[in-house]
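Please see the structure below; I have some questions.
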There are 2 protein chains.
Amino acid sequence: MEHLLDLQKRLIPDVLDIMSSRYRILQSLHFLQPIGRRSLSSHLGMTERVLRGEVTFLSQQGLIQMASSGMYLTENGEAIVKALGTVMKNISGLRNMEKQLEEVLGVSKVVIVSGDSDQYATVKNEMGLACVKEIERALGAINIIAVTGGSTLAAVAEMMHPLRKAHQDLLFVSARGGLGERVENQANTICAKMAEKAEGRYHLLHVPDQLSDESYHSLMEEPSIHRVLQHVHRATIIVHGIGDAKTMAIRRHSGEEILKRVDTEHAVAEAFGYFFDQTGRVIHKVQTIGLQWEDLFGAHSVIAVAGGKSKAEAIQAYCKKGPDSVLITDEGAAQEILKNF
Amino acid sequence: MEHLLDLQKRLIPDVLDIMSSRYRILQSLHFLQPIGRRSLSSHLGMTERVLRGEVTFLSQQGLIQMASSGMYLTENGEAIVKALGTVMKNISGLRNMEKQLEEVLGVSKVVIVSGDSDQYATVKNEMGLACVKEIERALGAINIIAVTGGSTLAAVAEMMHPLRKAHQDLLFVSARGGLGERVENQANTICAKMAEKAEGRYHLLHVPDQLSDESYHSLMEEPSIHRVLQHVHRATIIVHGIGDAKTMAIRRHSGEEILKRVDTEHAVAEAFGYFFDQTGRVIHKVQTIGLQWEDLFGAHSVIAVAGGKSKAEAIQAYCKKGPDSVLITDEGAAQEILKNF
DNA sequence: ACTGTGTGGGACATTTTGAGACCTGTATAG
DNA sequence: CTATACAGGTCTCAAAATGTCCCACACAGT
């Protein structure tokens, strides 16, 4: 069975927010006691009145106690702080980590789900769910959602659910052509599945991902492809994964030359056909029909999804110079990234 | 470690209410889908507007889905219903049990904590905490709280915390004199401890619990004792335990005759010096200075605390003819009592 | 002995939230 | 085609949450 807390996160996330805020009060009190409302409120960054509300509640619960010298924890209060410590690390600890990552990586928003997707497959689904929520948040009146491939994106599609609000237009387009990969991880497959689950329309990119110059140009002339590409370029929401450079280079059946460059120029990350080194510089770009670098900056919202300790380096590299995006990742990757800071 | 839910209950007392109400919605939906707000709200006994609030929340969480034909669960929703099933059985199960017990025993309120205090000592503390909360609820402007002895009441004292609200007067008095028992289970010891933890005043009854006629009358004349007794008789809140008749008869060093009567007349329960048979009839009353039967009916609130499978029979007997009281017990006792119905 | 600073707690205006009531357009079954 | 049941929008009012200010008190340093 899943852990109760994970279930609660879905059923009563609002309640958990309250819980962690109250816990934070108790915890601060644990260290700062005795302390007054005013000092404590500024320390916690909440207004005095709000803190006061919580504090009177907590004292009614017999967890803290008021005195003229300030507030302090009762025995019960101390017990709660101690007992909830590990639990809370899962909740508010993650939130702290999110904030740290936002700063360190320079992205506007980070969402971390607990666990390590390298170890447990279910964690990937959690990321998928978080991603769906993020997509929902980014929805506007007109929505063109471009999606890439990969097992993580497959999880997003898996967790997708209808998100028709009001009279929104929902169009999903594949951002990439077909790789020689397993069909369930193809951008096209994922795009279709996602659109169906979301009850939206979709357009697929029926082209191979890698092309010779010649076929590239001839295909670009193809009206059916051109039409889909127009949508990709005008995408309002872009959802993509981030891969490890070497793995991806091999999977793409890149030539010897590319593999060498990956090695010699220390490429570590790959995303939608671009290879990045540790500084975030683009080392190599696969000749591809589909999402281009510039498209990222035209989009209303860019959501990158990638997790697992093994992808920490890749995530970090990509974020260095990537567009301002939302990053959905997991605890394993987050911890690994923050190790260096 | 204590169970997560018990900790959460202290930080957010109505976490269970919220959670079970949302769960109930999901569960009903699981069976009735697709169904509309109106039908569902009448089925669940909530107003349409409230249900609507929850339902929009749940659909934002991606657990349910709106359609023109009605609402239905998404895959995630179904998963939650399934996963939370066992957890919820424990929670709403207890609440159901409370209601059943209230009916069966004819008392106005029953609180059941999970577990069996015969098996785990911590369960007694949970009862203690529940009792403290009940006391708090019963507080008025003037409070005289009479307490008896016993290990369960000791647990109540253990869990007591300051309950000074506004300008309330808090006076604790022992309802019983001293038994030849261990000091930590004496009414006096418990009374003092409770009062200190609650930050109230206290008066103790410095008399032996069992008396000859002669000393009884002479002690009753004693001004210091008379004064305390006045308080006992005017108690607004009475907190007492319930004991097994035989155990208590032995512990009280009752004479041969009493022991025989307990046997022949099938006494099963004891509370504050009174012995009851299965029908709730008083079989025998110890000649005692302290709380009297009549006092119970003058009190604003009577709280009986007793748990453990072994005390099921005693609890049941006492409640038959006892005053309208609040009963704090545990799952072990509750299950045993309900077996017969 | 006094003053300044921090404390909890009371009081009140104001804003925000929550919920009741009613309405609309739409999909679906009879 | 129509009756019905549906989701979802909107208006309104009360209640709860919050912002604002002030007071009496305790305590430490002067």
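Per chain, numbering begins at 1; letters A, B, ... match sequence-line order. Atom set for the values below is all heavy atoms of this structure, side chains included, hydrogens, waters and symmetry mates excluded.
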Return the nearest nucleotide to the side chain of A:Val50; candidates are D:dG19, D:dA7, C:dG9.
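Among D:dG19, D:dA7, C:dG9, the one nearest the side chain of A:Val50 is D:dG19.
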
From D:dG19, C:dT7, C:dG20, pick the nucleotide closest to the side chain of A:Arg49?
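Per side-chain heavy atoms of A:Arg49, the pick is D:dG19.
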
Return the value, rounded to whole Å, for the distance between atom CZ of B:Arg38 and atom P of D:dG8.
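So the two atoms are 12 Å apart, to the nearest Å.
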
Over all strands shown, is B:Gly36 touching base, sugar-phosphate only, or nothing at heavy-atom distances under 4.0 angstrom?
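Sugar-phosphate, no base atom in range.
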
Quick check on B:Glu103: does its CD atom have over 12 non-hydrogen neighbours (other residues, nucleotides or ligands) under 6.0 Å away?
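No, because the 6.0 Å sphere around CD of B:Glu103 holds 12 heavy atoms or fewer from other groups.
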
Just N and O in the side chain of A:Ser39: are any of them under 4.0 Å from OP1 or OP2 of C:dT7?
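It does, given that an N or O in the side chain of A:Ser39 lies less than 4.0 Å from OP1 or OP2 of C:dT7.
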
In whole Å, I'd like the distance from the CE atom of A:Met66 to the C1' atom of C:dG9.
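Result: 9 Å.
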
Starting at the 5' end of DNA chain C, which residue's closest nucleotide do you reach first, A:Thr56 or B:Arg37?
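Between the two, 5'-proximity favours A:Thr56.
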
Starting from C1' on D:dG19, measure out to CG on A:Leu51 and report it in whole angstrom.
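After rounding, the reported distance stands at 14 Å.
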
4.5 Å side-chain heavy-atom contact, A:Thr56 and A:Leu58:
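Side chain of A:Thr56 against side chain of A:Leu58, heavy atoms only: no contact under 4.5 Å found.
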
Are B:Arg37 and B:Glu54 within salt-bridge range, i.e. N to O under 4.0 Å?
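No.
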
What is the distance from CD of B:Glu48 to C1' of C:dC23, rounded to the nearest Å?
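Rounding to the nearest Å, CD of B:Glu48 and C1' of C:dC23 are 12 Å apart.
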
Are A:Lys133 and B:Gln61 close enough that a side-chain donor and a side-chain acceptor fall under 3.5 Å?
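The answer is yes; a qualifying pair exists.
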
Among C:dA21, C:dG8, D:dC21, which nucleotide sits nearest the side chain of B:Arg52?
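Side chain of B:Arg52 sits closest to C:dA21.
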
Without decimals, in angstroms, what is the distance between B:Asp14 CG and D:dA16 C1'?
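After rounding, the reported distance stands at 14 Å.
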
Nearest to the side chain of B:Met71, which nucleotide is it out of D:dA7, C:dA11, D:dT10?
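Selected nucleotide: D:dA7.
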
Mind calculating the distance between CZ (B:Phe57) and P (C:dG18) to the nearest angstrom?
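Answer to the nearest Å: 12 Å.
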
Can you find a side chain N or O atom of A:Ser69 that sits less than 4.0 Å from OP1 or OP2 on C:dT7?
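The answer is no; no side-chain N or O of A:Ser69 sits under 4.0 Å from OP1 or OP2.
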
Please report, rounded to the nearest Å, how far the C1' atom of D:dA7 is from the CD atom of B:Gln60.
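In whole Å, D:dA7 C1' lies 14 Å from B:Gln60 CD.
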
What is the distance, to the nearest angstrom, from the CD atom on B:Glu54 to the C1' atom on D:dA7?
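Going from B:Glu54 (CD) to D:dA7 (C1'), I get 17 Å.
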
Going by the salt bridge (Lys or Arg N to Asp or Glu O under 4.0 Å) test, name the single residue among A:Arg22, A:Arg24, A:Arg95, A:Lys9 that passes it with A:Asp17.
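Of A:Arg22, A:Arg24, A:Arg95, A:Lys9, salt bridge (Lys or Arg N to Asp or Glu O under 4.0 Å) with A:Asp17 is met by A:Arg95 alone.
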
